[in-house]
Amino acid sequence: MAVKKARIVIVGAGMAGITAANRLHSVSASKNLFEVCVVEGGNRIGGRINTSEFGGDRIEMGATWIHGIEGSPIHKIAQQIHALESDQPWECMDGNDNKATTIAEGGFVLNPSFVHPITELFNNLMDHAQGRMSTATTKGESGILSIGSFLRQGLDAYWGSSKEEKELKGFGKWSRKLLDEAIFAMHENTQRTCTSVADLLTLDYDAESEYQMFPGEEITIGKGYSSIIESLASVLPPGSVKLGRKVTRIEWQPERHEAMNMENGTRSRPVVLHFSDGSVMSADHVIVTVSLGVLKASIRDDDSGMSMFHPPLPSFKAEAISRLGFGVVNKLFMQLSPPHGTRDEHSRGFPFLQMVFHSPNSELRQKKIPWWMRRTATLCPIYNNSSVLLSWFAGEEALALESLKDEEIIKGVSDTVSCFLSHSVEFCNGNGNSEKHSQEYKVKFSKVLKSQWGTDPLFLGSYSHVAVGSSGDDFDKMAEPLPKCSSSSSHPSASPPLQILFAGEATHRTHYSTTHGAYFSGLREANRLIQHYSSC
Ligand SMILES: Cc1cc2nc3c(=O)[nH]c(=O)nc-3n(C[C@H](O)[C@H](O)[C@H](O)COP(=O)(O)OP(=O)(O)OC[C@H]3O[C@@H](n4cnc5c(N)ncnc54)[C@H](O)[C@@H]3O)c2cc1C
Ligand SMILES: *[C@@H]1O[C@H](CO)[C@@H](O)[C@H](O)[C@H]1NC(C)=O
Ligand SMILES: *[C@@H]1O[C@H](CO)[C@@H](O)[C@H](O)[C@H]1NC(C)=O
Ligand SMILES: *[C@@H]1O[C@H](CO)[C@@H](O)[C@H](O)[C@H]1NC(C)=O
Ligand SMILES: *[C@@H]1O[C@H](CO)[C@@H](O)[C@H](O)[C@H]1NC(C)=O
């Protein structure tokens with residue numbers, strides 16, 4: 001009887017897929033156990049890692065930071081391949097602790113002594129939620145539903161314990177309480193981009209303490225995040241990563257029919273993949289690494305018959321997919337036009353600007369600031385004196401950004417900047433008694449580049465989070481292979497095990513939403529197969 005090598009097809013050439021291929025290859029190369037290939041729907045490897053270039057600087061459209069260097073496998077690889085430094089300037093090459101200038105809408109520069117207490121309050125509350133502070137409550141017993149409601153309770157308690165409202169002079173219509181609230185909201189907006197939620201009221205409170213970070217500083221990668229992926233892919237035999245191969249359908253066999261079992265005396269492969277070009281491929285095992293967004297779309301299409309999985313995924317899996325959260329986060333890069341004249345404002349460099357906005361429905365808000373800028377916390381050069389500015393967007397605002405024309409973005413950001421950097425009360429607030437020497441601050445942008453993770457059909461979002469109504473258990477369900485193990489697996493008519501395995505950022509219970517989470521998940525599924533074959 002002919003013995004075929006097990007064929008493993010990995011769907012997706014992002015961090016999880018390439019890591020799994022790398023691991024399987026390193027084991028298989030010596031023992032000749034598997035036939036491994038990676039099929040990728042896009043025309044490049046890397047997935048949500050997408051290093052690019054803008055204005056002469058190296059930038060990241062997707063994954064940006066190594067979130068804590070101590071114990072990070074990504075950091076280890078970056079060190080090994082000497083990717084941490086570069087001759088070409090790169091995003092955040094001087095770290096992320098540049099001194100920010102905090103300005104309130106209308107051009108009121110805020111003294112750090114104003115901002116600091118609220119920043120400290122916010123950080124303490126987040127530390128508490130993440131379980132880095134004592135008084136840990138038993139899961140579910142806190143009675144608090146979301147991070148958003150927890151934070152607002154904390155702000156209310158802060159106000160309740162502080163002295164009566166202080167007079168505030170020289171800040172236009174801003175009161176102390178409005179300012180506190182707006183500074184707090186600025187930190188909430190940063191949190192929205194970190195967690196990829198549209199609204200913190202939908203971010204589960206209890207799950208937050210399960211999320212793990214590596215200790216140590218957070219840094220970016222000089223030669224680009226893509227250098228990590230390229231390094232992992234470089235050991236794979238030529239041709240094993242196939243680009244432009246979008247999977248449209250995966251047929252598997254939860255219950256195997258004996259008649260289909262034999263084909264010329266050898267086992268036929270239980271899984272069949274269909275591609276958008278009409279081609280077909282069979283496999284013994286498929287590791288699916290597509291994003292949670294793509295999985296959500298694939299189960300939404302169940303009724304229309306467009307579902308990716310045939311038969312459809314079992315309900316435990318489909319329910320975990322629909323309960324977990326997957327939001328949109330986008331990055332916007334803008335290049336400042338070169339300064340004209342000698343004593344131009346720009347020659348001093350654009351500040352690391354933190355923006356404190358009036359709430360979106362406040363009477364006091366500046367009408368010329370577009371709604372999609374109002375929840376943007378920062379607008380900063382990507383390193384000291386760079387002419388490239390960066391802002392992060394989340395939720396609706398991030399999605400809106402994807403459909404805006406470059407000219408609309410340039411106008412919207414320029415109008416916002418002039419409301420913050422023109423140091424004139426009159427200019428922005430229009431209240432009569434302002435200083436008359438108003439100096440309008442005009443910036444000119446020559447070009448923009450934005451990511452489009454929400455609408456790209458290969459991603460349909462940015463990264464996962466635990467939505468209210470979901471829990472850490474759902475990540476474990478995401479990771480379970482199909483068909484689900486049954487006690488009768490030794491029974492001859494049982495279907496072949498490990499037909500569909502799941503890897504990817506959204507299958508890791510404690511490191512979801514990160515590149516290293518994706519990396520660990522790829523290793524986990526490769527090891528699951530290696531172990532399966534070493535024990536039989
Ligand atoms: C804006 C942004 C900022 C981020 N910042 C950070 C950060 O600072 N630090 C950090 O650690 N992480 C960050 N992340 C998260 C990190 O990028 C991801 O967690 C990680 O890259 C996910 O890897 P993956 O392999 O799970 O998925 P992916 O990278 O999405 O890989 C899946 C692959 O499957 C392909 N695919 C999809 N559908 C099909 C199909 N039907 N057929 C074939 N192929 C298909 C896709 O094209 C993709 O290449 C960020 C992400 C974004 C979007
Ligand atoms: C950038 O500027 C800040 C202060 O403006 C300074 O503290 C920091 O060291 C600078 N970084 C580099 C790399 O020059
Ligand atoms: C193997 O089986 C297929 C049908 O499943 C048949 O078409 C083919 O001729 C067979 N090949 C051999 C070598 O027997
Ligand atoms: C930034 O520019 C200022 C003034 O032009 C200069 O003094 C400073 O050294 C520059 N910093 C860096 C890191 O290039
Ligand atoms: C990846 O980067 C390129 C620029 O190099 C950009 O055109 C593309 O839109 C990016 N992909 C996504 C999904 O943002």
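Between His508 and Phe520, the angle of the ring planes lies from 30° to 60°, which puts this pair in the tilted group. Classification of the Phe54-Phe333 ring pair by plane angle, with boundaries at 30° and 60°, yields tilted.
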CA sep, side-chain torsions, deciding dist, call: Arg524, Thr507, side chain to side chain donor-acceptor pair (under 3.5 Å): CA-CA 10 Å; Arg524 180 191 67 217; Thr507 69; 2.8 Å; yes

Stepwise side chain to side chain contact (heavy atoms under 4.5 Å, CB included) test for Asp474 and Glu319: CA-CA 8 Å; Asp474 283 333; Glu319 283 161 13; over 6 Å; no

Working for salt bridge (Lys or Arg N to Asp or Glu O under 4.0 Å), residues Arg375 and Glu188: CA-CA 9 Å; Arg375 297 218 276 177; Glu188 287 175 323; over 6 Å; no

Derivation and outcome, side chain to side chain donor-acceptor pair (under 3.5 Å), residues Ser386 and Asp57: CA-CA 8 Å; Ser386 172; Asp57 296 334; 3.0 Å; yes

Worked check of side chain to side chain contact (heavy atoms under 4.5 Å, CB included) between Asn330 and Val328: CA-CA 7 Å; Asn330 275 315; Val328 183; 3.7 Å; yes

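A side chain to side chain contact (heavy atoms under 4.5 Å, CB included) with Val413 is found for one member of Ile369, Leu379, Val443 and no other, namely Leu379.
Within the 4.5 Å cutoff, side-chain heavy atoms of His511 are placed close to those of Phe214. No side-chain heavy atom of Lys331 sits less than 4.5 Å from a side-chain heavy atom of Met61. The closest side-chain heavy-atom distance from Phe350 to Leu389 is below 4.5 Å. In this structure, Phe445 and Gln335 have side chains that are not in contact, with every pair of non-hydrogen atoms separated by 4.5 Å or more. With contacts defined as side-chain heavy-atom distances shorter than 4.5 Å, the pair Pro254/Leu482 does not qualify. Between Ile321 and Leu292 the shortest side-chain heavy-atom distance falls below 4.5 Å. Two residues are said to be in side-chain contact when any heavy atoms from C-beta on lie closer than 4.5 Å; Ser52 and Leu449 meet this criterion. A 4.5 Å side-chain heavy-atom check between Val247 and Phe275 finds at least one atom pair inside the cut-off.
Put simply, CH2 on Trp65 and CD on Glu91 are 7.5 Å apart, with the number rounded to the nearest 0.5 Å. Put simply, NZ on Lys477 and CG on Leu324 are 9.5 Å apart, with the number rounded to the nearest 0.5 Å.
A cation-pi arrangement is found for Lys484 relative to Phe316, the charged atom lying closer than 6.0 Å to the ring centre and inside a 45° cone about the ring normal. Both tests hold for Lys317 against Phe502: distance to the six-membered ring centre under 6.0 Å, angle to the ring axis within 45°.
Remark: the backbone N or O of Ala467 is not paired with any side-chain donor or acceptor of Thr202 at under 3.5 angstrom. Formation of a donor-acceptor pair under 3.5 Å by the Arg249 side chain with backbone atoms of His274 is not found in this model. Side-chain N or O atoms of Ser298 include one that pairs as donor or acceptor with a backbone N or O of Leu295 at under 3.5 Å. Side chain of Asn22 to main chain of Ile18: no donor-acceptor pair is present (N/O by atom type, distance under 3.5 Å, no hydrogens or angles). Counting only distance, with no hydrogens or angles, the side chain of Ser521 and the backbone of Gly504 share a donor-acceptor pair below 3.5 Å. Remark: the backbone N or O of Ala100 is not paired with any side-chain donor or acceptor of Gln354 at under 3.5 angstrom. Checked by atom type and distance alone, the side chain of Trp174 never pairs as donor or acceptor with a backbone atom of Ala104 at under 3.5 Å. The main-chain N or O of Lys368 is never found under 3.5 Å from a side-chain atom of Arg365 such that the two would form a donor-acceptor pair. Using a distance-only test at 3.5 Å, with no hydrogens or angles considered, a donor-acceptor pair links the side chain of Thr195 to the main chain of Gln191. A donor-acceptor pair under 3.5 Å is formed between the side chain of Ser322 and the backbone N or O of Ala318.
For the 3.5 Å distance criterion, the side chains of Glu402 and Thr455 qualify, holding a donor opposite an acceptor. Trp392 and Thr378 share no side-chain donor-acceptor pair at under 3.5 Å. In this structure, a donor-acceptor pair under 3.5 Å is present between the side chains of Ser149 and Ser146. A donor-acceptor pair shorter than 3.5 Å cannot be found between the side chains of Thr64 and Tyr225. No hydrogens or angles considered: nothing links the side chains of Asn189 and Thr376 as a donor-acceptor pair under 3.5 Å. Residues Glu60 and Thr51 bring a donor and an acceptor atom of their side chains to less than 3.5 Å of each other. Donor-acceptor pairing under 3.5 Å is lacking for the side chains of His358 and Glu105. Judged by distance alone, the side chains of Thr119 and His187 do bring a donor and an acceptor atom under 3.5 Å apart. In the model, Asp180 has no side-chain atom that pairs as donor or acceptor with a side-chain atom of Tyr158 under 3.5 Å.
Taking 4.0 Å as the cut-off between side-chain N and carboxylate O, Asp199 and Arg192 do not count as a salt-bridged pair. The pair Lys411-Asp415 counts as a salt bridge, with a side-chain nitrogen and a carboxylate oxygen less than 4.0 angstrom apart. With salt bridges taken as basic N to acidic carboxylate O contacts below 4.0 Å, none links Glu70 and Lys76.
The environment of Asn43 atom CG is sparse: at most 12 non-hydrogen atoms of other residues, nucleotides or ligands sit within 6.0 angstrom.
When all heavy atoms of Thr289 and Val11 are compared, the pair lying nearest together is OG1-O, 2.7 Å.
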